[in-house]
Participant: 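Quick one: the structure is below, and I'll ask about it shortly.
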2 protein chains.
Amino acid sequence: MRGEPGPKRPVTLDDVARYAGVSQPTASRVLNGSARKVAESYRQRVIEAARELGYTPNLPAQAMARGTSRTIALLVSLIADPYFSAMAAEIMKQAEAVGLHTSIAVTDRQADRELDLVRVLRGQQPRAIILAGSGYIDPPDEQALVDELHRYQDTGGRVVLVSRSDLPFETVDFDNHAGARQLARELARIGYRKCLVLGSGTPLLSMQQRVEGFLDGLIEEGVTDAADHVHHPEFSWKGAREFVLSLTDDQLRELHLVFAVTDDMALGALAGLRERGLRIPEDIGVAGFDDITTLRDVVPTLTTVHVDLHTLAKEAVHRAITPDRDLTRRPAPAYPVLRASTPPH
Amino acid sequence: MRGEPGPKRPVTLDDVARYAGVSQPTASRVLNGSARKVAESYRQRVIEAARELGYTPNLPAQAMARGTSRTIALLVSLIADPYFSAMAAEIMKQAEAVGLHTSIAVTDRQADRELDLVRVLRGQQPRAIILAGSGYIDPPDEQALVDELHRYQDTGGRVVLVSRSDLPFETVDFDNHAGARQLARELARIGYRKCLVLGSGTPLLSMQQRVEGFLDGLIEEGVTDAADHVHHPEFSWKGAREFVLSLTDDQLRELHLVFAVTDDMALGALAGLRERGLRIPEDIGVAGFDDITTLRDVVPTLTTVHVDLHTLAKEAVHRAITPDRDLTRRPAPAYPVLRASTPPH
DNA sequence: TTGTATGCGTTATCAC
DNA sequence: GTGATAACGCATACAA
């Protein structure tokens with residue numbers, strides 16, 4: 001039989017010290033990395049004792065004693081979304097690389113939840129709070145959120161925004177403009193000139209940059225009426241599909257391509273176009289942005305802009321742990337990847 | 001200008017109490033849900049003070065004082081995977097519903113990382129540890145992991161396995177056998193009889209159940225040589241694709257269908273089949289398991305077994321917070337969804 | 001009902 | 001180098 005019925009007390013540093021026959025501070029010094037040195041004989045005894053007893057440091061206690069934890073808090077709008085889950089994975093990996101644990105919370109795009117969560121996360125005493133992705137269902141009480149984050153920052157915490165810049169804090173993002181611009185140029189060069197551009201219904205700077213980058217790219221290639229075909233349906237697969245379905249046959253017929261500011265929307269558009277009887281890519285090309293991995297099985301493979309998540313995550317974590325604010329913006333690379341959905345036109 | 005240069009001290013309960021002119025325990029009783037009652041006048045003053053000062057409870061301190069936190073720890077093998085991110089999202093949502101915050105860690109399928117992470121998570125003093133998904137790259141030191149989890153359990157923590165049962169702890173899972181069996185029957189009835197079954201190269205009970213369920217279903221429909229076509233390639237998109245590519249033309253030609261134990265593998269197989277020049281579904285049908293949402297854009301839409309994540313997550317969280325072990329297994333529903341990849345044969 | 005005193009597990013500041 | 005001792009912020013048993 002294992003163990004008594006009632007829950008036992010967890011093994012504490014005190015238990016280890018007693019077992020090893022040293023003082024508790026000494027045990028602390030050997031087990032939880034202090035700068036101070038400890039005699040080798042003691043060191044061995046303590047380590048052995050900890051192993052035998054199955055000691056694990058009580059993190060809340062450490063956090064309280066140290067006044068800071070080895071945790072970073074990550075707030076994402078969605079997690080069951082290939083883009084955000086990839087982002088979260090990469091941020092966690094980078095955090096892990098510098099010895100930080102990650103605590104994730106999900107806002108579900110609800111601004112009030114976001115505020116609540118920031119409050120809770122602040123209570124965790126994390127080293128930093130990273131907010132990734134925005135776009136709300138309900139109108140945000142921005143001032144309250146900013147206040148909350150300022151309080152956190154005032155007590156030594158760091159705030160980093162990823163792929164959003166709607167709040168007055170440090171932000172890291174992809175080079176949305178350049179990526180979209182380059183995509184537009186490459187597409188224009190292979191014959192796509194009449195392009196429908198689908199932006200985001202909710203105003204998001206990153207998405208606006210993608211729209212503008214794409215238009216600039218077209219203009220550089222001599223497309224004069226580029227801006228005539230920009231629309232902002234609801235920011236989702238569904239929104240893009242429905243918008244496409246709302247177009248007339250004549251409008252659809254004259255288009256060479258649909259560019260949407262995310263792969264998700266591009267696929268919504270693609271679904272809508274098919275429902276309208278158009279063949280992709282024979283009748284019309286489709287392009288997106290993000291290069292979501294799980295779309296490798298979509299046929300035709302989707303032309304898109306690949307974003308360097310790794311670099312972005314690294315930069316985000318770097319800023320999260322670097323005390324001095326380095327305000328130089330170094331956007332993470334984003335570059336076009338032409339695939340089967342946009343053969344030469 | 002906002003704030004002085006140096007980091008300020010966070011607002012504590014003591015600050016609030018002093019500001020409101022009451023004792024610290026009284027403030028505690030008002031703000032952090034005690035059973036005790038507090039005079040309405042005091043209550044108002046405390047709440048107001050907390051609001052004005054921007055007080056947030058220091059969670060580590062609460063955890064230490066209470067001896068337990070309001071956190072549950074979730075350990076998943078991957079997060080940038082549509083299946084696991086959907087699972088994680090659902091578990092977080094259910095945890096949230098009962099007032100628990102979730103801390104996620106990712107093992108990356110490395111057994112040694114899993115052991116380390118369990119140790120760290122244990123240090124967080126979570127209410128429960130949920131382990132979801134298995135399948136290791138390296139051979140696990142199972143005993144060490146079990147010991148670690150037992151220690152945690154002995155101190156009052158709860159351990160719940162989700163969709164895995166390789167360890168001696170409570171487990172919740174889908175009804176893999178029934179789902180696959182039902183799928184096989186429905187497919188057999190519409191003419192699919194020569195079926196290639198792709199199981200998992202790494203031995204996972206859930207996957208084995210899917211294989212067996214599928215075979216049982218075929219047998220019930222009178223397919224006699226069902227078991228002749230079971231193979232276990234590497235447990236991934238890549239593994240499935242490569243296995244299909246390794247078949248001879250003759251072998252491929254006589255097949256009616258490929259069933260893989262996950263959608264991911266099914267799509268790998270589908271990619272491989274196409275590379276071999278087969279049309280889906282005209283030449284051969286394909287079916288998977290999991291019904292991953294992000295595959296809605298795959299053409300043809302994939303026949304699969306839908307799994308009820310919501311129910312599973314609810315059950316997992318329920319077990320994570322319910323002290324008495326209820327050992328009755330109630331697998332979460334899983335039922336076939338026939339789509340375009342398997343028209344009547 | 002309210003306040004006082006104590007303890008949670010750890011780190012940090014000091015003497016030794 | 002090592003060991004007492006005082007924090008850290010909060011909850012609780014107990015006294016008032």
Side-chain angles (χ1 to χ4, degrees), chain A residues 7-46 49-50 53-71 120 122-126 155-156, chain B residues 7-46 49-50 53-71 119-120 122-126 151 155-156:
Chain A
K8 286 186 293 203
R9 199 175 50 73
V11 176
T12 71
L13 200 51
D14 215 47
D15 298 329
V16 175
R18 208 178 348 253
Y19 190 87
V22 302
S23 76
Q24 192 248 29
T26 297
S28 169
R29 291 193 265 260
V30 356
L31 292 176
N32 304 321
S34 157
R36 312 269 306 247
K37 281 188 116 177
V38 174
E40 191 53 27
S41 59
Y42 278 16
R43 156 170 244 90
Q44 291 301 336
R45 296 226 309 265
V46 170
L53 269 41
Y55 168 74
T56 301
N58 182 319
L59 267 35
Q62 282 191 332
M64 196 168 53
R66 292 204 247 247
T68 173
S69 69
R70 293 201 63 74
T71 299
V120 174
R122 189 153 77 85
Q124 308 247 41
Q125 315 288 106
T155 63
Chain B
K8 288 186 291 201
R9 200 176 50 73
V11 175
T12 72
L13 200 51
D14 218 48
D15 299 328
V16 175
R18 205 173 353 250
Y19 191 87
V22 301
S23 75
Q24 183 256 348
T26 297
S28 169
R29 295 192 264 259
V30 171
L31 294 176
N32 305 321
S34 158
R36 314 268 308 247
K37 278 187 123 179
V38 175
E40 191 53 27
S41 59
Y42 280 16
R43 154 172 246 89
Q44 291 301 335
R45 297 229 307 267
V46 170
L53 268 41
Y55 169 74
T56 301
N58 181 320
L59 266 35
Q62 283 192 330
M64 195 168 55
R66 294 204 248 245
T68 174
S69 69
R70 294 200 63 76
T71 299
R119 240 186 284 258
V120 174
R122 187 153 78 86
Q124 307 247 43
Q125 315 288 104
R151 284 204 197 86
T155 63

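Just so it is clear, the values below take in all heavy atoms, side chains as well, and ignore hydrogens, waters and symmetry mates. Residue numbers start from 1 in every chain, and the chains themselves are labelled A, B, ... in the order their sequence lines are given, proteins ahead of strands.
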Participant: Under 4.0 Å, heavy atom to any atom of DNA chain C: which of residues 53-63 of chain B qualify?
Facilitator: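 Those residues whose heavy atoms fall under 4.0 Å from DNA chain C, taken from residues 53-63 of chain B, amount to none.
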Participant: Walk along DNA chain C from 5' to 3' and tell me the first and last nucleotide with an atom closer than 4.0 Å to a non-hydrogen atom of chain B.
Facilitator: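 The contacted stretch runs from dT1(C) to dG9(C).
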Participant: Locate the shortest heavy-atom distance separating Arg122(B) from Gly54(A); write the atom from each residue and the value.
Facilitator: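 Minimum heavy-atom contact is NH2-O, 2.8 Å.
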Participant: Sequence neighbours excluded, which residues qualify as salt bridge (Lys or Arg N to Asp or Glu O under 4.0 Å) partners of Arg43(A)?
Facilitator: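 Once residues adjacent in sequence are excluded, Arg43(A) has no partner under the salt bridge (Lys or Arg N to Asp or Glu O under 4.0 Å) criterion.
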Participant: Check Tyr55(B) against Leu13(B) and note the closest heavy-atom contact, atom names and distance.
Facilitator: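 Smallest heavy-atom distance, with atoms named: CE1-N, 3.4 Å.
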Participant: Quick check for you: to the nearest 0.5 Å, what is the distance between Asn58(A) atom CG and Thr12(A) atom OG1?
Facilitator: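 Result: 9.0 Å between the selected atoms.
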Participant: Is there side-chain contact between Thr71(A) and Gln124(A), with at least one heavy-atom pair below 4.5 Å?
Facilitator: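 No - every pair of side-chain heavy atoms lies 4.5 Å or more apart.
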Participant: May I ask you to test the Val120(B)-Leu59(A) pair for a side-chain heavy-atom distance under 4.5 Å?
Facilitator: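 A side-chain contact exists here, since the closest heavy-atom pair is under 4.5 Å.
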Participant: In which ranges does DNA chain D form stems of 3 or more consecutive Watson-Crick or G-U pairs, distances under 3.5 Å?
Facilitator: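 As far as DNA chain D goes, consecutive pairing (with distances under 3.5 Å) yields the stems C:3-16 with D:1-14.
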Participant: Take Lys37(B) and Ala65(B), find for each the nucleotide of DNA chain C with the closest heavy atom, and name the residue whose nucleotide sits nearer the 5' end.
Facilitator: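 Comparing both residues, the 5'-ward one is Lys37(B).
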Participant: Strictly by modelled atom types, are Arg119(B) and Thr56(A) linked by a side-chain donor-acceptor pair under 3.5 Å?
Facilitator: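 Note: Arg119(B) and Thr56(A) side chains miss the donor-acceptor criterion.
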Participant: Is there a donor-acceptor pair closer than 3.5 Å between any side-chain N or O of Ser69(B) and the backbone N or O of Gln125(B)?
Facilitator: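 At least one qualifying donor-acceptor pair exists.
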Participant: For the pair Tyr42(A) and Val30(A), evaluate side chain to side chain contact (heavy atoms under 4.5 Å, CB included) and give the outcome as yes or no after the intermediate values.
Facilitator: CA-CA 9 Å; Tyr42(A) 278 16; Val30(A) 356; 5.9 Å; no
Participant: Considering non-hydrogen atoms only, spot the tightest contact between Val11(B) and Leu53(B) and give its length.
Facilitator: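 Where Val11(B) meets Leu53(B) most closely, the heavy atoms are CG2-O, 3.4 Å.
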Participant: Can you pull out every salt bridge (charged side-chain N to carboxylate O under 4.0 Å, His left out) where at least one residue sits in residues 18-31 of chain A? Sequence neighbours excluded, please.
Facilitator: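 The answer is Asp14(A)-Arg18(A), Asp15(A)-Arg18(A).
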Participant: Can you pull the contact range of chain A along DNA chain D, 5' to 3', using atoms under 4.0 angstrom from its heavy atoms?
Facilitator: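 The footprint of chain A covers dG1(D) to dG9(D).
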Participant: Take Thr155(B) and Arg9(A) through the test side chain to side chain contact (heavy atoms under 4.5 Å, CB included) and record every step on the way to the result.
Facilitator: CA-CA 6 Å; Thr155(B) 63; Arg9(A) 199 175 50 73; over 6 Å; no
